[in-house]
Amino acid sequence: VLLKVDEAPEIENIPAEIAEPHQTEQKIALKDINLDISEIQPSESEAPRTILDEKKGLKVVVNFTQGHPAKDVSVLVITVINQGPVAINNFQFDASVTKPCKLRILEASDKQLPAVKPFKPPTETINQVLLLMNPTQEPVNMVTILTYNLQDDPDPYKESIEVKNI
């Protein structure tokens with residue numbers, strides 16, 4: 001069958017998997033994924049998980065999200081709240097997962113949290129996006145390390161928390 005030039009199929013109507021199969025098989029590097037937190041939506045099926053809840057200190061919540069920016073990549077949002085009467089300074093969140101999983105931690109929204117005043121709820125949070133590449137699709141444990149200073153204390157606190165079955 002011969003097609004006239006003006007009867008040739010349009011390339012844009014061919015599915016990407018067929019038109020460029022080599023591109024759909026390539027894995028994207030975590031370093032190449034950039035997300036704007038304002039465009040991330042919370043998961044409708046998985047509830048947030050509180051991993052630390054100090055009555056007069058920090059509260060840390062892992063928020064699960066909708067969608068995946070790439071195959072095998074999940075997006076988590078860490079939310080940190082100061083529930084205490086002393087300001088939090090130089091806050092840093094770090095984490096690790098076991099191989100073959102990989103983790104990329106994007107920049108936090110802030111490093112400081114003001115003290116909470118009596119009879120007023122906390123008004124500010126620190127949010128941080130995590131990209132978790134999990135090629136096994138099996139639940140994975142994540143070890144987190146929180147580092148921060150209280151008020152003007154020059155010696156930082158370091159807390160380690162294991163989060164199971166992410």
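Only heavy atoms go into these numbers, but all of them, side chains included; no hydrogens, no water, no symmetry mates.
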Can you check side-chain contact (heavy atoms from CB on, under 4.5 Å) on Phe64 and Leu76, steps first, answer last? CA-CA 5 Å; Phe64 300 92; Leu76 306 170; 3.5 Å; yes

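- No donor-acceptor pair closer than 3.5 Å links the side chain of Gln128 to the backbone N or O of Ile78.
- Residues Val143 and Leu103 do not share a hydrophobic cluster, defined by chaining ILVMFWY side chains whose heavy atoms lie under 4.5 Å apart.
- Side-chain atoms of Phe93 and Leu146, non-hydrogen and from C-beta on, do get closer than 4.5 Å to each other.
- We find the CG-CD distance between Asn165 and Glu138 to be 10.5 Å, quoted to the nearest 0.5 Å.
- Note on Val129: it clusters hydrophobically with Ile28, by side-chain heavy-atom contacts below 4.5 Å among ILVMFWY residues.
- Atoms CG and CG, from Leu106 and Asp36 in turn, are 10.5 Å apart once rounded to the nearest 0.5 Å.
- Between the side chains of Thr79 and Asn63, at least one donor-acceptor pair of N or O atoms lies under 3.5 Å.
- To the nearest 0.5 angstrom, Met142 atom CE is 5.5 Å from Leu130 atom CG.
- Taking CD1 of Ile88 as the reference point, atom CD of Gln83 lies at 10.5 Å (rounded to 0.5 Å).
- Heavy-atom minimum distance, Val116 versus Pro121: CG1-C, 4.4 Å.
- Between Leu132 and Ile166 there is a side-chain heavy-atom pair separated by less than 4.5 Å.
- With rounding to the nearest 0.5 Å, the separation of NZ in Lys31 from CG in Leu131 is 13.0 Å.
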Assess whether side-chain contact (heavy atoms from CB on, under 4.5 Å) is satisfied between Val86 and Gln151, documenting all intermediate values. CA-CA 6 Å; Val86 179; Gln151 204 77 18; 3.2 Å; yes

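- Under a 3.5 Å cut-off, the side chain of Thr144 and the backbone N or O of Ala95 do not form any donor-acceptor pair.
- Looking only at side-chain heavy atoms (C-beta outward), Gln66 and Glu44 come within less than 4.5 Å of each other.
- Closest heavy-atom contact between Cys101 and Val140: SG-CG2, 3.9 Å.
- For the pairing with Val80, the side chain to side chain contact (heavy atoms under 4.5 Å, CB included) check across Leu52, Thr125, Leu113 returns one residue only, Leu113.
- A 4.5 Å side-chain heavy-atom check between Met133 and Leu30 finds at least one atom pair inside the cut-off.
- Counting only heavy atoms from C-beta outward, the side chains of Ile145 and Glu159 never approach each other to under 4.5 Å.
- Between the side chains of Gln137 and Asp72, at least one donor N or O sits under 3.5 Å from an acceptor N or O.
- Looking at heavy atoms from C-beta onward, Pro48 lies out of side-chain contact with Val62 at the 4.5 angstrom threshold.
- Looking only at atom types and distance, the side chain of Ser109 has no donor-acceptor partner in the side chain of Asn127 under 3.5 Å away.
- Put simply, the side chain of Arg104 gets close to the backbone of Ile33: a donor and an acceptor are under 3.5 Å apart.
- With contacts defined as side-chain heavy-atom distances shorter than 4.5 Å, the pair Leu35/Val75 qualifies.
- Clustering ILVMFWY residues whenever any of their side-chain heavy atoms sit less than 4.5 angstrom apart, transitively, puts Ile105 in the very cluster that holds Val163.
- Note that CG of Asp152 and CG of Leu150 are 10.5 Å apart. Values are rounded to the nearest 0.5 Å.
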I would like to know whether Val97 and Lys102 meet side-chain contact (heavy atoms from CB on, under 4.5 Å); could you show each step before the answer? CA-CA 7 Å; Val97 290; Lys102 295 180 181 179; 5.6 Å; no

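- Smallest separation of non-hydrogen atoms from Pro122 and Ile81: CB-CG2, 3.5 Å.
- A donor-acceptor pair shorter than 3.5 Å cannot be found between the side chains of Glu124 and Asn82.
- For the residue pair Ile161 and Ile51, the shortest heavy atom distance occurs at CG2-O, 3.7 Å.
- In this structure, Tyr148 and Asn89 have side chains that are not in contact, with every pair of non-hydrogen atoms separated by 4.5 Å or more.
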